[in-house]
2 protein chains.
Amino acid sequence: MATATLPPSGDAEFEKIDASFQMTVRDHVHRAMRSAIISGRFASGQKINERNLAEQFGVSTTPIKEALRQLETEGLVEALPRRGVVIRFSSSWAEEMILARAALESMIAHLAAKRVDEKGRAELQLIANQMKEATISGDADSLITLNERFHDHIHRSSKCGYLAKLIERQQFYDASIRRVIHLDPTERQKALDEHVAIADAIAAGDADGAERTMRDHVVRSGDTYLSIIFRKEGEI
Amino acid sequence: MATATLPPSGDAEFEKIDASFQMTVRDHVHRAMRSAIISGRFASGQKINERNLAEQFGVSTTPIKEALRQLETEGLVEALPRRGVVIRFSSSWAEEMILARAALESMIAHLAAKRVDEKGRAELQLIANQMKEATISGDADSLITLNERFHDHIHRSSKCGYLAKLIERQQFYDASIRRVIHLDPTERQKALDEHVAIADAIAAGDADGAERTMRDHVVRSGDTYLSIIFRKEGEI
DNA sequence: TTATGAAATCTGGTATATCAGATTTGAAAT
DNA sequence: ATTTCAAATCTGATATACCAGATTTCATAA
């Protein structure tokens, strides 16, 4: 408050590091397991042994148990009381996760169109314009970042914290797969057209249009991911 | 296999009791806490002390931790790494849970309309007819049971296991509150009309109609619950 | 050879102990 | 009276111990 410039002897006031950045063992295990399951490194129906897992991670069973409880609530494993947990993930499960995300994202887009303010409108159009540029220049990495910014911005505009959290859990593909998608010019163009349509609908306050375009976008792009991840047609 | 009749000395073959009926301490804690949170027995933002909770339940902290992990993934509490968990539930959270359920139930109704077979159609209409009778006779308990059967049947018809599980977690009112609702003749009639419309749409294979009527039903009835639980207007 | 069932083993569920980060307290300095 | 900061305390995170239900093994009988 007193000094606006940095004092010579470093006693500046630093923002306290956001506690949510800290990583606990259970979160590490949770993320690692989630990633392993959705990338198909476990067979659906496979039994999980807590002691083995703990040994593989080099930790005790306590954080393992907690991570498994999270995965269970997410629907990626099923707990059979006193008999352990089994993996529950397959292409049909992934399809349903896409449908869930489509349903929730379109609901949140609907609300965003109703609730967005002038500042939010401008920022959304700005992001859409940046997407246009990145699409033309073929900057895949920027597109991945902008895509996240785009959806996050809509979530915030909707003022729906619960729905936003719920949507996060329906994501089953990671940055590396997104990169593959965004390297394809045709795919880039499709995504851009959809994003522009969504942004326009939200900016125009067209709740039903935002809902529809968002759902179509999530389903179509989801299907693209699905076909890559599960090699629907023409196996290698 | 050998004897169809019950042998004198009781060595009949019994169906093995479904393991999922067994109750672990963590499940008990999870349900009790969930119920306590959604019925407002904790203030939003209130900190939870694991040792206190364990003492109150008369158990160790291990099952408490697991239950808290489940609640965290459900979005009812927030975990601040190394600082504990705080309650996250309010009327706005409940509103969003209704919206989530509306989005998901309407998606599942859409798919049910596309995927239901002849047998399923008939059974759905049968349930709708039983609802009609129970509405006329004012049998609230039957209506509650039938309501569950109705929605479960649609879930099964959609063949969507993941979506059905996800929907279950968006429920924040229990049987006692449902009873209050179903004791009101006006409310009963509204719900019946909506259920009939949904059943007709699904039976006719009208996916868009099923989606729309289901969403309207969930939102409207959800708002009714909300106004009762949170006494929106005209506090006592 | 096949069926049976009791003992041995495995494994999830719970309790307890320990560690370390976060919070509180209180004495000393200003 | 207010600020400072280190010691004491609290509490979540992790490790370990133990118990009981589930599964497997294997000797025995049919």
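Chain identifiers are assigned alphabetically (A, B, ...) following the order of the sequence lines, protein sequences preceding nucleic acid strands; residue numbering begins at 1 within each chain. What you see is a predicted model; the values in this text were computed from it and never measured.
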Take the protein atom CD of A:E55 and the nucleotide atom C1' of C:dC10, then report the distance between them rounded to whole Å.
15 Å

Nearest whole Å is fine: how far is C:dG13 P from A:I64 CD1?
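In whole Å, C:dG13 P and A:I64 CD1 are 14 Å from each other.
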
Can you check each nucleotide of nucleotides 12-19 of chain D against protein heavy atoms at under 4.0 Å and return B for base, S for sugar-phosphate only, - for none, in 5' to 3' order?
BBBBB-B-

Is there any ring-ring contact (aromatic ring centres under 6.0 Å, His included) pair reaching into residues 101-120 of chain B, and which pairs are they, with sequence neighbours excluded?
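Sorted result for residues 101-120 of chain B: empty, none.
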
Which pairs, with at least one residue in residues 68-87 of chain A and sequence neighbours excluded, count as a ring-ring contact (aromatic ring centres under 6.0 Å, His included)?
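Sorted pair list comes back empty.
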
Pairwise salt bridge (Lys or Arg N to Asp or Glu O under 4.0 Å) hits with a residue in residues 163-177 of chain B, at least two apart:
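Qualifying pairs, neighbours excluded: none.
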
Does B:R178 have any salt bridge (Lys or Arg N to Asp or Glu O under 4.0 Å) partners at least two apart in sequence or in another chain, and if so, which?
none

Got a sec, which residues hit salt bridge (Lys or Arg N to Asp or Glu O under 4.0 Å) with B:R215, two or more places apart in sequence or on another chain?
A:E211

